Chemist: 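The structure's right below; bear with me while I get my questions together.
Each ligand, and each atom within it, is numbered from 1 in the order the structure gives. We count residues from 1, following the sequence as given. Keep in mind the model is a prediction, meaning the values are calculated, not measured.
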Amino acid sequence: MKKYKVVLLSGDGIGPEISEVSKKILKKVSRKYSFEIEINEQLFGGIAYEKKGFPAPEETLDQCKISDAVLLACVGDIKYDSLPRELRPESGLLKLRSALNLFANIRPVKIRKSLIGSSTLKKEIVENVDLVVVRELIGGIYFGNPRGHITNTKVPKAFNTMVYDASEIERITNIAIKIANQRNKKICSVDKSNVLEVSQLWRDTVSNITSKDKNLSFSNMYVDNAAMQLVRDPSQFDVILTSNLFGDILSDLAAMLTGSIGMLPSASLNNNGPGVFEPVHGSAPDIAGKNIANPIAMLLSASMMLKIGLNESEAAENIENAIDRVLSRGFRTADLNNGSCQILSCSEIGEKIINEI
Ligand code: IPM
Ligand code: MN
């Protein structure tokens, strides 16, 4: 029997609640499709800081490196906001991304049929949404140097550096091309080259590579226009290729097209080695421990892990179909309440989905 080693990082806030549901579904689906998943739980985020003094302890990073895939819930809490930056949960996440060289972040944004009425946007605008944000994840302004505070000036100053070299742009472009070729062969690269030199290099490099693939339909868009177009006519997009910061912002925006950020999964990948699969949403400390969180984004992340990380496509599809069946019967968590559905708790909707496996 095939056996996979998966590191589970349940992290902070609603993380442990949604992880419970994910563990159960992985157990059930692996039994059904005759493979074994060994789940190795490790400390990560604020909880790791509290127990080990660091948000991304060495032991955790080492276990992730020797795994077949990493399933991550979410990290962060306002109570850590006053810690030095390098000890904050978010810094742990950035450290994990760079330690595993996860330069490609894939965020599929697809509206599920039964949720078309749940978006804050009109039905006609969102009903055909099916796009993927391909976000560069370990470069740009998130990691650029120099960075810091200047305190010996009259007025305090702080600064960051948005920097890319052409090789970083090339490798993420090649991932976007690969994904576009499995879809509608359409890439829109998003930048701010009317103002930023780093974006000019981005645009020139991406255009140069994509022009060699004659099957692709390729366009460039400024990020401010892209934000507007995502709300005006989101179904014009197939693959959106963009840098770290712009991808962070646009993927939250795109999430709302699907009804709730509680629905969006993501995969962070390297060309080889384990990927990290995690929901796009945060740790929602305000609702933590109340058993009302939406576990679906993490379940869809587990499904992406099965498909991309472990090559178990049938099991992955089974999870997706189970989710769709439960949603189509009108069951929802509170974030998707439209007044005419039955609201269930996190564990209850989890049970319903698991029963469909
Ligand atoms: C995300 C998150 C992270 C990011 C934070 C938590 C560091 O917002 O994955 O989108 O900015 O990348
Ligand atoms: Mn984000």
Chemist: Transitively linked via ILVMFWY side-chain contacts under 4.5 Å: M256 with I287?
Modeler: no
Chemist: I need the single residue from L83, V75, L93, D77 that forms a side-chain contact (heavy atoms from CB on, under 4.5 Å) with R88. Which is it?
Modeler: L83
Chemist: Closest N/O/S atom of D248 to the Mn ion (ligand 2), by atom name?
Modeler: OD1
Chemist: Side chains of S347 and N291 only: does a donor on one sit below 3.5 Å from an acceptor on the other?
Modeler: yes
Chemist: Would you say the side chains of N105 and S268 form a donor-acceptor pair under 3.5 Å?
Modeler: yes
Chemist: Can you sort out which atoms of ligand 1 are near R135, meaning under 4.0 Å from one of its heavy atoms?
Modeler: 1 (C), 4 (C), 9 (O), 10 (O), 11 (O), 12 (O)
Chemist: Which protein heavy atom lies closest to atom 11 (O) of ligand 1, and at what distance to 0.1 Å?
Modeler: Y142 OH, 2.6 Å
Chemist: Measure the distance from atom 1 (C) of ligand 1 to every protein heavy atom, then report the residue, atom name and distance (to 0.1 Å) of the closest one.
Modeler: R107 NH2, 3.3 Å
Chemist: Do Q229 and N225 get their side chains close enough for a donor-acceptor pair, meaning under 3.5 Å?
Modeler: yes
Chemist: Taking atom 3 (C) of ligand 1 as the point of reference, which of R88, H281, E90, R97 owns the nearest heavy atom?
Modeler: R97
Chemist: Among all protein non-hydrogen atoms, which one is nearest to atom 10 (O) of ligand 1, and what is the separation to 0.1 Å?
Modeler: D248 OD1, 2.9 Å
